[in-house]
Amino acid sequence: MAAPTVASSADTREKPRLSFWQIWNMSFGFLGIQFGFALQNANVSRIFETLGGTEIALYWLAAPLTGLLVQPIIGYLSDRTWSPRWGRRRPFFLVGAILASLALLVMPNVTALWMAVGMLWIMDSSINISMEPFRALVGDLLPSEQRTTGFAAQTFFIGVGAVVASSLPWMLTNWFHVANTAAAGHIPPSVRYSFTVGGVVFFLAVLWTVLRTKEYPPENMAEFEAEKARSAGFMNGVRESFQGIFEMPKTMRQLAVVQFFSWLALFSMWIYTTPAITSHIYHTTDATSKIYNEGADWVGICFAVYNGVSALAALLLPTIARATSRRFTHMLCLMAGGLGLISIYFVQDPKMLLLSMVGVGVAWASILSVPYAMLAGALPSNKMGYYMGVFNFFIVIPQVVAGLILGFFTTHFFHGESILTLVLGGVSMIISGLLTLRVSDADDINLPTEEPAMTLGYDALAPANPEV
C-alpha cells in the first residue's frame with residue numbers, strides 16, 4: 001500500500017480510506033504477537049514448576065519490570081524515528097519479532113530454572129518491542145471513520161492468536177498424540193513443539209505486516225529532525241515517562257486505581273491458575289505426573305476459551321455502553337470476571353471451568369478497551385501517545401506487587417493453597433469494578449444514540465473526536 005502525499009503538520013493531513021486487505025495486512029502482525037503472549041501466559045508457570053521452581057510469583061517479576069521500561073520508551077522512540085525504507089513503527093516491529101521468535105525457540109529447551117527466568121526477561125522485552133508500536137499504527141494510517149474497522153481487525157487477530165496458542169499443547173497431545181509428560185526436570189514435548197510453532201508464527205505474522213504496509217513520512221521533515229535532536233534518546237524517554245506520573249489528569253488518576261485492582265486480579269490468574277487447578281481439581285503437585293500435565297494442558301484450553309469469549313464480548317460492549325454508560329459497562333464486566341475467578345474454588349469437574357472462563361473473558365474484553373476509551377476523552381490531543389505510555393505503568397505496577405506479595409500470601413496465609421490466591425484475585429476484580437463508578441468520564445454525554453449499520457461497534461467506546 002503506497003503512502004499518499006501529506007498535507008500539513010500535526011496530523012491535519014487528509015488520510016485516504018484504505019481497502020479491507022490493507023487494513024488486514026497492517027493488523028496481521030497482532031496474530032503473531034498474541035501467539036507469543038498466550039504461550040507465555042499459559043505455560044511459563046508450568047515450565048518454572050517443571051524445573052523445580054517454588055517462588056512462581058517472584059519469577060514472574062521479569063515481565064512487569066521489562067514492560068515498565070520497554071513499552072513507554074519504545075513508544076517514545078518510535079515517535080521520533082523515520083526511515084524512508086522502513087518507516088516509523090516497522091523497524092521496531094521487525095527487531096522485536098526477531099528477538100521474540102528466538103526467545104520462544106529457546107524458552108522450552110532450557111535446562112535450569114535460572115535460565116528459564118532469564119529467558120522470560122528476554123522474551124517479554126522482545127514481545128513488548130513489537131507490540132507497543134502496533135497500538136499507534138491505526139492512528140497513524142487510518143482516517144477517523146475507519147479506526148473502528150482497524151481496531152476490530154486487531155481484536156480479531158488477538159482473539160485468534162490467543163485461542164490457538166493457548167490450546168496448542170492440548171491439541172498436539174489429543175489430536176497428534178505428542179507426549180505431554182517428560183522425565184523430571186525436562187519440559188514435555190507438547191510444550192516444546194508449541195513454542196517452536198509460536199516462534200515461527202510470531203516472526204512470519206509480523207514480517208507480513210512489515211513487508212505489506214507502508215507508513216506516512218513526517219509532515220515537516222526539518223521540524224521533525226529538530227524535535228528529534230531536542231528530545232530523542234533513551235534517558236529522555238525514561239525521564240519524561242516517569243514525570244508523567246505526577247502530571248496525570250483527574251480521570252487518569254481515578255482510572256489508575258481501577259487498573260491496579262483489575263490487573264492485580266489478572267496477574268494472580270496468569271501466575272497461579274496452573275498450580276491452582278492441578279492441585280485443587282486434579283489433586284496433584286507432581287509436575288512429572290501424567291495427571292498434572294493433563295491439568296496443565298486444560299489450563300491452556302481455559303485460557304483459549306476466555307480469549308475467544310473476549311473477542312465476541314467486545315462486539316456487545318458498545319450496545320451496553322449506549323444503554324447505560326461506559327462506567328457501568330466496565331463495572332458489570334469486572335463483576336462478571338471477579339465472580340468467574342471466585343467460582344473456580346467451587347469447581348470439581350474440569351469442564352465446568354469453561355463456564356468460569358466466560359466471566360473472565362467478558363472482563364478481559366472490557367479491560368482491553370473501556371478504560372482507554374474513558375481515558376482518551378480526558379487527555380490533551382497533543383499528549384495522547386505520551387500519556388497512554390504512562391498509563392501502562394498501572395498495568396506494570398500491579399504485576400510487580402503481585403510478584404512481591406502473592407507468593408507470601410499463598411505460603412503464609414493460604415498455606416500453599418493456590419486456589420485461594422485465585423479467590424483473592426476475584427475479590428480484587430470486584431473491588432476494581434466498584435471503583436469504576438467513581439471515574440469521571442467526560443465523554444459519557446457524547447456517546448451516540450445510534451450506531452451506523454455495518455460497523456463492528458467500537459465507536460461507542462471511543463471519544464467523539466478521537467485523537468490517537
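Along the sequence shown, residues carry numbers from 1.
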What's the spacing between [X] [atom1] and [Y] [atom2] if we round to 0.5 Å?
| X | Y | atom1 | atom2 | value |
| --- | --- | --- | --- | --- |
| Ile127 | Leu99 | CD1 | CG | 11.0 Å |
| Phe195 | Asn43 | CZ | CG | 5.0 Å |
| Asp349 | Leu355 | CG | CG | 11.0 Å |
| Thr54 | Glu49 | OG1 | CD | 9.5 Å |
| Leu168 | Tyr193 | CG | OH | 12.5 Å |
| Met357 | Thr273 | CE | OG1 | 6.0 Å |

Please tell me whether [X] and [Y] have a donor and an acceptor in their side chains that are separated by less than 3.5 angstrom.
| X | Y | answer |
| --- | --- | --- |
| Gln40 | Asp124 | yes |
| Asp286 | Thr288 | yes |
| Ser45 | Thr274 | no |

Within the 4.5 Å heavy-atom criterion, are [X] and [Y] side-chain neighbours or not?
| X | Y | answer |
| --- | --- | --- |
| Val44 | Met123 | yes |
| Trp86 | Val210 | yes |
| Ile430 | Leu339 | yes |
| Phe92 | Val95 | no |
| Ile187 | Met107 | no |
| Phe409 | Leu420 | no |

Open item on the list: Let's go through Ile271 and Thr421 carefully: what are the C-alpha distance in whole Å and the side-chain angles of both, what is the deciding distance for side-chain contact (heavy atoms from CB on, under 4.5 Å) to 0.1 Å, and is it a yes or a no?
Closed with: CA-CA 10 Å; Ile271 296 170; Thr421 311; over 6 Å; no
Would the distance check show the side chain of [X] and the main-chain N or O of [Y] forming a donor-acceptor pair, the cut-off being under 3.5 Å?
| X | Y | result |
| --- | --- | --- |
| Thr173 | Val178 | yes |
| Arg212 | Asn25 | no |
| Glu417 | Thr410 | no |
| Ser310 | Ala365 | no |
| Trp270 | Ala42 | no |
| Arg90 | Thr213 | yes |
| Ser432 | Phe261 | no |
| Ser166 | Val163 | no |
| Ser262 | Gln259 | yes |
| Ser366 | Val362 | no |

TODO: Determine, step by step, whether Leu172 and His177 satisfy the side-chain contact (heavy atoms from CB on, under 4.5 Å) criterion, reporting the C-alpha distance in whole Å, the side-chain angles of both residues, the deciding distance to 0.1 Å, and the verdict.
DONE: CA-CA 6 Å; Leu172 288 176; His177 309 293; over 6 Å; no
Before we go on, tell me: are the rings of [X] and [Y] under 6.0 Å apart, centre to centre?
| X | Y | answer |
| --- | --- | --- |
| Phe157 | Trp24 | yes |
| Trp263 | Trp364 | yes |
| Tyr282 | Tyr292 | no |
| Phe202 | Phe35 | no |

Task: Full working for side-chain contact (heavy atoms from CB on, under 4.5 Å) between Cys302 and Leu354 - done: CA-CA 6 Å; Cys302 290; Leu354 303 183; 4.2 Å; yes
Between [X] and [Y], which heavy-atom pair has the shortest distance, and what is it?
| X | Y | result |
| --- | --- | --- |
| Leu51 | Ala112 | CD1-O, 3.7 Å |
| Leu422 | Leu341 | O-CB, 3.8 Å |
| Pro275 | Ser418 | CB-OG, 3.7 Å |
| Pro169 | Arg46 | CB-NH1, 4.3 Å |
| Ser356 | Val347 | OG-CG2, 4.1 Å |
| Pro188 | Asn293 | CG-OD1, 3.5 Å |

Task: Met115, CE: over 12 other non-hydrogen atoms inside 6.0 angstrom - done: yes
Open item on the list: Would you say OH of Tyr345 has more than 12 non-hydrogen atoms from neighbouring residues, nucleotides or ligands within 6.0 angstrom?
Closed with: no
Open item on the list: side-chain contact (heavy atoms from CB on, under 4.5 Å) for Cys333 and Leu317? Distances and angles first, verdict last.
Closed with: CA-CA 9 Å; Cys333 292; Leu317 294 181; 3.5 Å; yes
